[in-house]
Novice: 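Take a look at this one; I'll ask things after.
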Amino acid sequence: MTTEIEARGTRAGRFDPASYEQRWRDRWEADALYRADDDDPRDKHYLLTMYPYPSGDLHIGHWYAATGPDIVARMRRMSGLNVMFPMGFDSFGLPAENAAIDRNVHPARWTESNIERMRSQFRTMGCMFDWSRELATSDPDYYRWTQWLFLQLYRAGLAYRAMAPVDWCPRDQVVLAREQVEGADRHCWRCGTQVVKRDLEQWFFRITNYADELLSFEGMDWPEPIRLMQTNWIGRSEGAEIDFPVEADAADPIRVFTTRPDTIFGATFMVLAPEHPAVAALTSDERRADVEAYVATARRETEIERMSTEREKTGVFIGAHAVNPMTQERIPIWIADYVLPGYGTGAIMAVPAHDERDYEFATKFELPIRYVVLPAGGEAPQGEAFVAHTDDEVLVDSGEFTGMAAAEAIGAITRQLADLGLGGPAVTYKIRDWLVSRQRYWGAPIPIVYCDEHGAQPVPEDQLPILLPEDVDFAPTGVSPLQSHAEFLSGTCPECGGRARRETDTMDTFVDSAWYFLRYCSPREAERAWDPEAVRRWMPVDLYTGGAEHAVLHLMYARFMVKALRDLGHFEFGEPFVALRNQGQILGADHQRMSKSRGNVANPDDLVARYGSDTVRAFLMFIGPWDQGGPWNPTGIDGVHRFLGRVWNATQAAPGDRGPVSARDIPGIPPPSLAGEIPGSGGPPADRVLGTAEELERALRRATHVTISEVTGDYEAFHFNTAIARMMELTNAIVRARESGLAGTDAYAEAVDRLLLLLAPVAPHITEELWARRGKAYSIHTQPWPVADPELARAETLELPVQVDGKLRDRLVVTRDTPPEEIERLALASEAVQRYLGGRAPRRVVQIPGRLVNVVTPGD
RNA sequence: GGGCGAGUGGCGGAACGGCAGACGCGCCGGCCUUAGGAGCCGGUGUCGAGAGACGUGCGAGUUCGAAUCUCGCCUCGCCCACCA
């Protein structure tokens with residue numbers, strides 16, 4: 001059902017989106033209007049928006065996310081670029097398997113039907129997706145190459161297998177990557193269940209090799225918050241590794257990592273992680289029972305309990321001593337779970353005077369606290385650690401280094417330790433290698449077999465893909481359903497040709513998405529993952545858009561993958577995404593994240609059926625800044641629909657159509673009461689004054705060219721809401737112009753044509769329809785982008801605000817070339833200004849040319 | 001606890017250090033109508049009859065001039081969180 005907007009005073013047809021939207025989409029499809037041609041001579045432009053998981057239905061958030069980049073893609077194409085804007089589906093993943101368990105439908109069938117539904121919903125949006133490049137990661141033609149990629153990384157030593165304590169989701173029965181464990185309570189990113197630790201043999205990608213390179217964002221136009229999050233996640237710390245000799249005979253020294261080697265004279269004890277390999281050997285007989293009990297407790301604890309800062313420090317003395325290499329002092333060795341096994345060396349020198357955690361521990365267990373760094377001339381604080389790290393700290397009580405500035409001492413002490421062969425400068429990172437094994441069915445099988453004789457062996461590339469069998473049992477048992485599939489399990493060792501057992505884990509779906517942008521370049525390539533020529537042509541992605549929630553997941557994995565493949569010689573570039581923009585998230589009406597379980601998912605289908613696709617697109621882009629998002633509220637969509645209705649009417653005015661006249665509301669025409677007059681001198685009422693026809697046309701052209709300039713800038717900056725506001729203003733000006741009898745003039749035609757071109761990226765259907773109705777050549781979407789003429793955009797008169805002491809008191813209308821002395825004279829002559837000046841001379845008159853005048857009174 | 005970001009009418013939101021509230025919703029009044037839940041026209045920050053005064057979370061500061069810059073505080077959101 002369509003709202004009718006009466007076409008007053010015109011012979012235009014009804015504004016009825018249902019009558020043309022589908023028709024134009026069919027035409028674009030038939031003409032392959034949006035297909036990106038590899039051989040196009042124009043400059044390439046690769047614009048990508050993150051592909052969705054095929055969850056079932058396209059919701060309002062998908063529309064919101066896709067419309068923004070679609071607008072930019074369309075504008076850039078009209079600006080003369082050969083734009084590729086592909087779309088596909090991230091179709092491996094757990095929900096498909098859960099659907100299989102819950103509803104007894106095979107994941108493949110469930111995924112296929114979801115893709116089909118979402119593809120058709122996507123098409124109603126009227127985006128310029130190049131569907132000829134569509135891909136789905138669960139397609140064997142795709143995951144064959146995901147497996148191939150695994151083998152490339154394996155051969156390069158970037159994929160390895162290790163026993164590791166891993167985060168395990170007890171509900172989804174699957175291992176998670178560190179990046180997939182969220183929040184203070186350490187819950188699963190997917191289902192929210194608290195994770196537990198498990199020791200398992202797992203496959204890892206060596207992303208830590210690229211930690212330093214991933215810290216560099218040089219030449220990348222990425223949002224600052226994303227860069228910060230990645231930087232913090234990588235967590236580079238510079239400091240020193242220091243060996244502490246152990247008293248026991250024949251024991252190796254214990255190596256610690258510290259960022260504050262300048263505090264070593266205050267190291268009064270050592271703490272090892274309970275898991276530290278030296279613990280068992282160093283523990284004295286009389287302490288062994290306590291130590292073993294503590295280690296066992298620590299092992300049983302969940303990550304949550306262990307990581308809590310609130311919790312009181314615990315630990316035990318292991319009955320051994322080390323020697324502080326600087327003081328030669330004998331210091332006790334403790335174990336405590338606040339020292340983490342996976343970071344640094346898993347052991348610390350404890351400096352309670354200068355570390356809050358060590359301070360708390362020392363206080364509880366009555367260990368000595370010695371201040372060795374203090375503010376210049378300051379005193380040791382009472383009852384707390386001194387952790388500040390500023391420029392004016394000096395060492396005290398530190399032997400030969402006493403009196404040295406702390407910043408300097410860091411280097412000096414590290415050097416001396418290095419000279420003594422007791423360590424040296426070191427760098428550590430928080431980031432861990434990427435755990436890619438998943439004990440699940442619906443993913444790309446890891447292409448490895450295990451031979452009794454030859455161990456883990458890569459599957460030869462010519463045997464790819466390793467296909468997922470269809471006939472499996474989907475009960476969630478904690479092991480992959482593939483483990484009970486005899487036929488799948490049996491493989492052949494490439495070394496000896498003997499029987500080998502297949503790896504049954506599949507790959508994290510983030511492996512799939514770490515390279516899909518490469519596949520889009522040559523999606524039908526049968527013999528290779530990609531055609532190097534096509535990748536050279538299209539990559540890197542010029543502009544990538546998507547949600548900020550992928551800051552440390554997908555976006556970092558994709559960067560890693562590209563750097564690894566570059567180093568393997570597959571291409572030259574080292575970054576996949578030159579520019580990145582994040583859309584905000586559309587929340588449910590209840591301000592919560594939209595989810596089926598909350599029942600707050602807004603579906604656009606009803607709105608599209610009622611208002612048409614263009615109105616929904618324009619409304620979504622109008623509600624606020626695109627990068628901000630917000631709770632979904634369809635109130636106000638009528639206003640946007642009305643706007644398109646006014647466009648419909650205004651653009652179809654026949655010569656001679658006119659209505660009541662009001663020059664007042666055309667932007668650029670100053671209120672006539674002020675024009676050319678001394679302010680305050682009065683004049684005829686605004687709404688009865690007419691400009692001449694020539695003046696009205698000039699004003700309309702000015703409005704047109706100002707709008708071209710502003711809308712172009714707004715689109716480039718992703719400020720779609722203000723761009724639409726500007727087009728609403730131009731539309732209102734055109735409606736007024738028609739009422740003034742301008743329909744049929746060149747200025748009117750120019751305004752209408754430019755408005756349609758500017759609006760085309762936001763509302764592709766109505767603009768195509770109106771373009772055709774105006775007898776213009778198909779398609780509006782291949783027309784050149786309008787360019788503003790600065791000469792026409794410039795107003796010949798200026799309206800200057802006149803302030804007194806910074807407060808607006810009057811306005812001055814002057815011609816552009818009025819000299820400053822004249823402006824000052826007019827300002828001072830103003831009645832309002834005189835009132836505030838009270839006969840006194842101004843202390844000062846500030847003029848910002850073309851902006852305003854501020855008269856400063858002498859004051860009291 | 002740390003880092004980042006945001007607080008503007010009844011609502012969504014505008015505003016290179018220079019006219020606060022663009023544009024739209026809603027509301028009020030009018031027109032047109034058998035009718036109006038359509039459409040069109042006008043009004044709409046708050047207080048005040050008015051002139052005018054006051055207004056961008058709170059408090060200071062810089063400036064001729066601050067929603068915008070600086071400092072402190074409050075509230076909300078996101079990310080990280082015993083990372084030595």
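Below, each value reflects all heavy atoms present in this structure, side chains not excepted, and no hydrogens, waters or symmetry copies. Order of the sequence lines fixes the chain letters, A, B, ..., with proteins taken first and strands second; residue numbering starts at 1 for each chain.
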Novice: Kindly state whether the ring of A:Phe269 and the ring of A:Phe365 have centres lying under 6.0 angstrom apart.
Specialist: no
Novice: Side-chain contact test, heavy atoms from C-beta onward, threshold under 4.5 Å: evaluate it for A:Leu620 versus A:Phe720 and give yes or no.
Specialist: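 Side chain of A:Leu620 against side chain of A:Phe720, heavy atoms only: no contact under 4.5 Å found.
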Novice: Mind telling me if B:G9 is syn or anti? Syn here is a glycosidic angle within 90° of 0.
Specialist: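 In terms of base orientation relative to the sugar, B:G9 is syn.
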Novice: Would you say B:C19 has OP1 or OP2 under 4.0 Å from some side-chain N or O of A:Gln803?
Specialist: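 For B:C19, OP1/OP2 do not have a side-chain N/O of A:Gln803 under 4.0 Å.
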Novice: Could you state the CZ-P distance from A:Arg811 to B:C19, rounded to the nearest angstrom?
Specialist: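 Rounding to the nearest Å, CZ of A:Arg811 and P of B:C19 are 10 Å apart.
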Novice: With rounding to the closest Å, how many angstrom separate the C1' atoms on B:G2 and B:G48?
Specialist: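 To the nearest whole Å, 50 Å.
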Novice: The side chain of A:Phe622 lies closest to which of these nucleotides: B:C82, B:A20, B:G12?
Specialist: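 Closest nucleotide among those given: B:G12.
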Novice: In Å, rounded to the nearest 0.5 Å, how long is the span from CE of A:Met326 to CZ of A:Phe244?
Specialist: 10.0 Å
Novice: If you check every side-chain atom of A:Arg844, which of B:C80, B:C64, B:C82 has the closest atom?
Specialist: B:C64
Novice: Side chain of A:Met728 only, please: which of B:C23, B:C82, B:C19 is the nearest?
Specialist: B:C23
Novice: Determine the interatomic distance between C1' on B:U44 and the same-named atom on B:C71; round to the nearest Å.
Specialist: 39 Å
Novice: Would you say A:Arg736 reaches B:C40's phosphate, i.e. side-chain N/O to OP1/OP2 under 4.0 Å?
Specialist: no
Novice: With rounding to the closest Å, how many angstrom separate the P atoms on B:U62 and B:U70?
Specialist: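 Straight-line distance between the two P atoms is 15 Å.
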Novice: Quick one: is B:C23 close enough that its OP1 or OP2 comes under 4.0 Å of any side-chain N or O from A:Asn721?
Specialist: no
Novice: Among B:A53, B:A14, B:A84, which nucleotide has an atom closest to any side-chain atom of A:Phe257?
Specialist: B:A84
Novice: From C-beta outward on A:Arg851, which listed nucleotide comes closest to its side chain: B:A84, B:A14, B:G18?
Specialist: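 From the listed options, B:G18 comes nearest.
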Novice: Taking atom types as they are modelled, is there a donor-acceptor pair under 3.5 Å from the base of B:A22 to the side chain of A:Arg726?
Specialist: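 Present.
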Novice: Identify whether any heavy atom of A:Arg236 sits under 4.0 Å from a base atom; if not, whether one sits that close to sugar-phosphate; answer base, sugar-phosphate or nothing.
Specialist: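 No contact at all - A:Arg236 keeps every heavy atom at 4.0 Å or more from the nucleic acid.
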Novice: Side chains of A:Tyr338 and A:Thr314: donor-acceptor distance under 3.5 Å anywhere?
Specialist: no
Novice: Measure from the side-chain N and O atoms of A:Trp632 to the backbone N and O of A:Met594, and report whether any donor-acceptor pair falls under 3.5 Å.
Specialist: no
Novice: Would you please say whether a donor-acceptor pair under 3.5 Å links the side chains of A:Tyr611 and A:Asp606?
Specialist: no
Novice: Between C1' on B:C64 and CD on A:Glu824, what's the gap in Å once rounded to a whole number?
Specialist: 13 Å
Novice: Taking only the side-chain nitrogens and oxygens of A:Arg646, find out if one of them lies under 4.0 Å from OP1 or OP2 of B:G24.
Specialist: no
Novice: Could you please name the option among B:C4, B:A15, B:A84 that lies closest to any side-chain atom of A:Asp355?
Specialist: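 The answer is B:A84, which lies nearest to the side chain.
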Novice: Over how many whole Å does the gap from A:Asn732 atom CG to B:C41 atom P extend?
Specialist: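 The answer, rounded to whole Å, is 8 Å.
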Novice: Determine the interatomic distance between C1' on B:G57 and the same-named atom on B:U68; round to the nearest Å.
Specialist: 15 Å
Novice: Please tell me which of A:Ser237 and A:Ile623 maps to the more 5' nucleotide of RNA chain B, matching each residue to the nucleotide holding its nearest heavy atom.
Specialist: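 Per heavy-atom nearest nucleotide, the more 5' residue is A:Ile623.
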Novice: May I have the distance from A:Leu340 (atom CG) to B:A81 (atom C1'), rounded to whole angstrom?
Specialist: 11 Å
Novice: Rounding to an integer number of Å, can you tell me how far A:Lys807 NZ sits from B:U63 P?
Specialist: 17 Å
Novice: Separation of A:Tyr343 atom OH from B:A81 atom P, in whole Å?
Specialist: 13 Å
Novice: For A:Gly344 and for A:Glu356, locate the closest nucleotide of RNA chain B by heavy-atom distance; then report the residue assigned to the nucleotide nearer the 5' terminus.
Specialist: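 Nearer the 5' end of the strand: A:Glu356.
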Novice: A:Trp626 vs A:Phe718 aromatic rings, parallel, tilted or perpendicular, using cut-offs 30° and 60°?
Specialist: tilted
Novice: For the side chain to side chain contact (heavy atoms under 4.5 Å, CB included) test, which of A:Asn721, A:Ile71, A:Val640 pairs with A:Met621?
Specialist: A:Ile71
Novice: If I pick the C1' atom on B:A53 and the same atom on B:G43, what distance separates them, to the nearest angstrom?
Specialist: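 Each nucleotide's C1' atom is 22 Å from the other's.
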Novice: Taking NZ, NE, NH1 and NH2 as the nitrogens, is one of them in A:Arg236 or A:Asp212 under 4.0 Å from a carboxylate oxygen of the other?
Specialist: yes
Novice: What is the separation between atom CG on A:Asn582 and atom P on B:C79, rounded to the nearest whole Å?
Specialist: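 So the two atoms are 13 Å apart, to the nearest Å.
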Novice: Does either side chain, that of A:Thr615 or that of A:His641, offer a donor lying less than 3.5 Å from an acceptor on the other one?
Specialist: yes
Novice: For RNA chain B, what dot-bracket results from Watson-Crick or G-U pairs at under 3.5 Å, with [ ] for crossers and | for inter-strand partners?
Specialist: (((((((..(((.....[....)))((((((.......))))))(((....)))..(((((..]....))))))))))))....
Novice: Give the nucleotide from the list B:G18, B:G13, B:G52 with an atom nearest to the side chain of A:Arg835.
Specialist: B:G52
Novice: What is the distance, to the nearest angstrom, from the CD atom on A:Glu831 to the C1' atom on B:A51?
Specialist: 14 Å
Novice: Find every protein N or O atom lying less than 3.5 Å from an N or O atom of nucleotides 25-32 of chain B, and list the pairs.
Specialist:
| unit_1 | atom_1 | unit_2 | atom_2 | d |
| --- | --- | --- | --- | --- |
| B:C25 | OP1 | A:Arg642 | NH1 | 2.3 |

Novice: Would you mind classifying the nucleic acid contact of A:Asn633 as base, sugar-phosphate or nothing, using non-hydrogen atoms under 4.0 angstrom?
Specialist: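 Since no nucleic acid heavy atom lies under 4.0 Å of A:Asn633, the category is nothing.
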Novice: Please report the distance separating the C1' of B:G17 from the corresponding atom of B:U56, rounded so that it comes out in whole Å.
Specialist: 15 Å
Novice: Between B:A15, B:C23, B:C19, which nucleotide gets closest to the side-chain atoms of A:Leu808?
Specialist: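 Of B:A15, B:C23, B:C19, B:C19 is nearest to the side chain of A:Leu808.
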Novice: Between B:C41, B:C19, B:G18, spot the one nearest the side chain of A:Val846, thanks.
Specialist: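 Closest nucleotide among those given: B:G18.
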Novice: Just wondering, are more than 12 heavy atoms of other shown residues or ligands nearer than 6.0 Å to CD in A:Gln585?
Specialist: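 Yes - once you tally the heavy atoms of other residues, nucleotides and ligands closer than 6.0 Å, there are more than 12.
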Novice: When rounded to the nearest Å, what value does the distance between C1' atoms of B:G30 and B:G36 take?
Specialist: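 It comes out at 15 Å once rounded to the nearest Å.
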Novice: Identify whether any heavy atom of A:Val856 sits under 4.0 Å from a base atom; if not, whether one sits that close to sugar-phosphate; answer base, sugar-phosphate or nothing.
Specialist: sugar-phosphate
Novice: Any carboxylate oxygen within less than 4.0 angstrom of a Lys/Arg side-chain nitrogen, looking at A:Arg260 and A:Asp262?
Specialist: yes
Novice: Hydrogens and angles aside, do A:Arg593 and A:Asn600 bring a side-chain donor and acceptor to less than 3.5 Å of each other?
Specialist: no
Novice: Where the side chain of A:Arg809 is concerned, which of B:A53, B:C64, B:A15 is the nearest nucleotide?
Specialist: B:A53
Novice: Under 4.0 Å, counting only non-hydrogen atoms across every strand here, what does A:Tyr836 touch: a base, just sugar-phosphate, or nothing?
Specialist: sugar-phosphate
Novice: On a whole-Å scale, what distance lies between the C1' atoms belonging to B:C11 and B:C27?
Specialist: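 That atom pair is separated by 11 Å.
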